[in-house]
Amino acid sequence: MQNNKTMGLSTQIIIGMFAGLVFGLIARLVGLAEVSWFDQFITSGVLHVIGQIFIRSLQMLVVPLVFVSLVCGTCQLSDPTRLGRMGGKTVLLYLMTTAIAVSVALTAAVWLEPGSP
């Protein structure tokens, strides 16, 4: 039997992140980060466009995913009178997890200072 297992999307994303990290470290150690053509064409050109496409794709995916999951969860309720209480808990949990995620992201950005030379 032939085993045609392909890598999942999350595995490919993680591999791409580590490849980008290694590429960036090597470029900085070799001194390519200071070369003007490299910065203009590769960093500010190709890699910037690819990164923006990736970020925009994620942003387009998150809102519909959250909306559909909330609608499906609401449709699964057996007792519609519980919707008010459960809806309040859902909104509260969503706001709490969002606040935690934003706090962690801001702390990491201040600590790591991405983009600084």
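All heavy atoms count here, side chains included; hydrogens, waters and symmetry mates do not. Throughout, residue positions are numbered sequentially from 1 according to the sequence presented. Values in this document were obtained by computation on a predicted structure and should not be read as measured data.
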Identify whether [X] and [Y] are in the same connected component of the hydrophobic contact network (ILVMFWY, side-chain heavy atoms under 4.5 Å).
X      : Y      : value
Val22  : Ile50  : yes
Ile13  : Leu47  : no
Phe54  : Leu9   : yes
Phe23  : Val46  : yes
Val102 : Val110 : no

Kindly compute the distance separating [atom1] ([X]) from [atom2] ([Y]), expressed to the nearest 0.5 Å.
X     : Y     : atom1 : atom2 : result
Gln52 : Gln59 : CD    : CD    : 8.5 Å
Leu21 : Ile26 : CG    : CD1   : 9.5 Å
Met60 : Ile55 : CE    : CD1   : 12.5 Å

> Okay, side chain of Thr11, backbone of Met7: is any donor-acceptor separation there less than 3.5 Å?
Replying inline: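 No; zero donor-acceptor contacts below 3.5 Å.
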> Looking at Thr107 and Ser103, what are the two nearest heavy atoms and their distance?
Replying inline: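 Heavy atoms only, the tightest pair is OG1-O, 2.8 Å.
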>> Please give me the minimum heavy-atom distance between Pro114 and Ala109, naming the atom from each residue.
In response: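 In this case the closest contact between Pro114 and Ala109 is CD-O, 3.3 Å.
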>> Side chains of Leu61 and Ser57, heavy atoms from C-beta outward: is any pair under 4.5 Å?
In response: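 Counting from C-beta outward, Leu61 and Ser57 never come under 4.5 Å.
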